[in-house]
Structure formats: structure tokens, C-alpha cells
Protein chains: 2
Amino acid sequence: MSDADADRLFQAFADATRRDIVRRVTVAEYSVSGLAALYAMSFAAVQKHVAVLERASLVTKEKRGREQIVRGNHEGLQKARRLLDEYEAIWRQRVGRIADILAEG
Amino acid sequence: MSDADADRLFQAFADATRRDIVRRVTVAEYSVSGLAALYAMSFAAVQKHVAVLERASLVTKEKRGREQIVRGNHEGLQKARRLLDEYEAIWRQRVGRIADILAEG
DNA sequence: GTATCGTACAACCAAATGGTTGTAGATCTG
DNA sequence: CAGATCTACAACCATTTGGTTGTACGATAC
């Protein structure tokens, strides 16, 4: 994953409204206006949040009639989790080294 | 974890320089100026990045003589991973529901 | 004691972010 | 067809972000 991909992913997660959208569209389908009705902000603002999530592969949009259906996209979440798993692995290596030092001493 | 905590965490991860700092200080100790020497930006800029990471509990600072030693802090990483695990759980529930529907049909 | 080093912090700047309103194009409904 | 609905997008605004330089101050070295 490129730096730019990771930037987009974590940036997308760094907003409570967007995290809420991700949760909702994972369990059910929503049109953009359906989502907009849930939040105390304009339709355009929600539209922008959805666009941020789409660019981060956390959500997909599909046209259905005049509506745009938003659904969760597992791809982005998987990428984010794999990246954090790499950091976790670095921690485990470090713990391993410390254990080795203690074993030697 | 509060929304503000999550915001700070993911915001902190949403920058390649900061992610690199986290990796480095997890495997070894660095002073702030030691870190600053690694990047093509000013000392003050790196100092700000470290401050962002510290607020997000991804790093700790400890004064040693005139230096400030930066170390990785597992707490922030754990919080981030747990939060992503919650999203993963929502996905698994969804997959379960779909399987149920298929089993019924 | 006097440089020098490492840090903190303020002030500033350009660009990005998160919000707004307004306009316009598609699609459905009556 | 006319009107309502859903979406897209531009323009604008305030705040935050990521960077800079400059100043000040405690700790170290000579």
C-alpha cells in the first residue's frame, strides 16, 4: 500500500461522522440523501464525506434510478487492519528482543 | 474510547512522516533532534509531529539531561486496532445474516 | 563563565478540511 | 408536460494543518 493510500484511509477514519457512516452502510444500504437525513448538516456536506470514504475504498456507490446507493467496502477496512498489524508485529519483535536480552543476562 | 480520542488517533496515523516516526521509535530510542535529522524538514516541524503522536498516545517523551527521549507507546496502537476490530465484527455479523438468508431460501 | 546543544514556543504562511449556499442535470411521479 | 426528488458540483468561508523562521531558556562541554 502506498503512503498516499494509507494517508487517505486514516484521514477518512479521522472523523466521527464518517466512522458512523461506515458503520451504518455496512449493516444496511443507504442512499446519499438517506444518510444526509441522519445528520445535522447539509446534504452537500454528507455528500463530501461519502466521497472521502469512497476514495479511501471504505465505501462504494452504485447508481439505482435517481438514487446513489452507498454500501460498505471491506477492502479499505482490510487494508487499514493489515497496516496496523504490521505495527503490532514490530512491537512483538521488540518484546522478543527484550526477552532475549533478559534470557542472556 | 471517545470520538475525540479516535479522531486524534487516526489523524495521527494519517501522515507518512508520523507513521515512520512511530515505526522507528518502536524499535529504538530517539531524541527529538535525532528524529529531526532523519527528515528533510525543520526541527520544529518534527517536534510538532511528535507532539501530535504524543497526544494520540502513540508515543511517549521522557526528559533525559537536555534531551527528550521519544519511545513508542503501545496504548495508542492497541486502541486503534480494537476500534478497527469493532468494524470487522460488524462485517462478520453482516456476512452471518446473509448466510442465514441463503440457508432459509 | 561562555559557547554550544537540545528543546519549547510564538508568529507567520499556504494549503487542506469541513462546512455552507446556490445552480444545474437526471430521474421519477402526477 | 410540469413538478418534485436525488445528485453533482462550483464558489465561498472559517478553521486546522503542516510547514517555516526566530527567540528564549535549561543543560552540557570546554
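All of these numbers come straight from a predicted model, not from anything done at the bench. Below, read A as the first sequence line, B as the second, and so on, with proteins coming before strands; counting in each chain starts at 1.
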Could you check how far [atom1] of [X] sits from [atom2] of [N], rounded to whole Å?
X       : N      : atom1 : atom2 : value
A/Arg8  : C/dT17 : CZ    : P     : 11 Å
A/Arg66 : C/dC28 : CZ    : C1'   : 4 Å
A/Glu62 : C/dT27 : CD    : P     : 15 Å
A/Lys63 : C/dG25 : NZ    : C1'   : 9 Å

- Query: When we call it a touch if two heavy atoms are under 4.0 Å apart, what does A/Lys48 touch: a base, just sugar-phosphate, or nothing?
  - Reply: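 Base contact.
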[X] and [Y] ion-paired at < 4.0 Å:
X       : Y       : value
B/Arg23 : B/Asp20 : yes
B/Glu86 : A/Arg19 : no
B/Arg82 : B/Asp85 : no

- Task: Would you mind telling me which residue lines up with the more 5' stretch of DNA chain C, A/Val46 or A/Gly65, judged by nearest nucleotide?
- Result: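 This one resolves to A/Val46.
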- With nearest nucleotides of DNA chain C determined for A/Ala44 and B/Glu67 from heavy-atom distances, which residue corresponds to the more 5′ nucleotide?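 So the residue in question is B/Glu67.
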- Give me the first and last nucleotide of DNA chain D, going 5' to 3', that has any atom under 4.0 Å from a heavy atom of chain A.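 In short, chain A contacts DNA chain D from D/dA4 to D/dA11.
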To the nearest 0.5 Å, tell me how far [X] [atom1] sits from [Y] [atom2].
X       : Y       : atom1 : atom2 : result
A/Gln78 : A/Asn73 : CD    : CG    : 9.0 Å
A/Leu9  : A/Arg55 : CG    : CZ    : 12.5 Å
B/Arg24 : B/Leu35 : CZ    : CG    : 8.0 Å

- Item | Contact under 4.0 Å: B/Gln68 side-chain N or O vs C/dT7 OP1/OP2 |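 B/Gln68 to C/dT7 OP1/OP2: no side-chain N or O under 4.0 Å.
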- Message: With a 4.0 Å cutoff (strictly under), does any side-chain N or O of A/Arg64 reach OP1 or OP2 of C/dT27?
- Response: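 False: A/Arg64 side-chain N/O out of range (4.0 Å or more) of C/dT27 OP1/OP2.
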- Item | Joint cluster assignment, B/Leu53 & A/Ile90, ILVMFWY side-chain distance < 4.5 Å |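 No, no single cluster joins them.
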- Message: Show, in sequence, the C-alpha distance, side-chain angles and deciding distance for B/Asp5 and B/Arg8, and conclude whether the salt bridge (Lys or Arg N to Asp or Glu O under 4.0 Å) test is met.
- Response: CA-CA 5 Å; B/Asp5 283 348; B/Arg8 260 181 257 121; 2.9 Å; yes
- Positions of residues 30-41 of chain B (non-hydrogen atom under 4.0 Å from DNA chain C), listed by number: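 Contacting residues: B/Ser31, B/Val32, B/Ser33.
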- Item | Aromatic plane relationship, B/Phe13 with A/Tyr87 - under 30° parallel, 30 to 60° tilted, over 60° perpendicular |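 Rings of A/Tyr87 and B/Phe13: perpendicular, as their planes differ by over 60°.
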- Nearest to the side chain of A/Gln11, which nucleotide is it out of C/dG19, C/dT17, C/dT27?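 Output: C/dT17.
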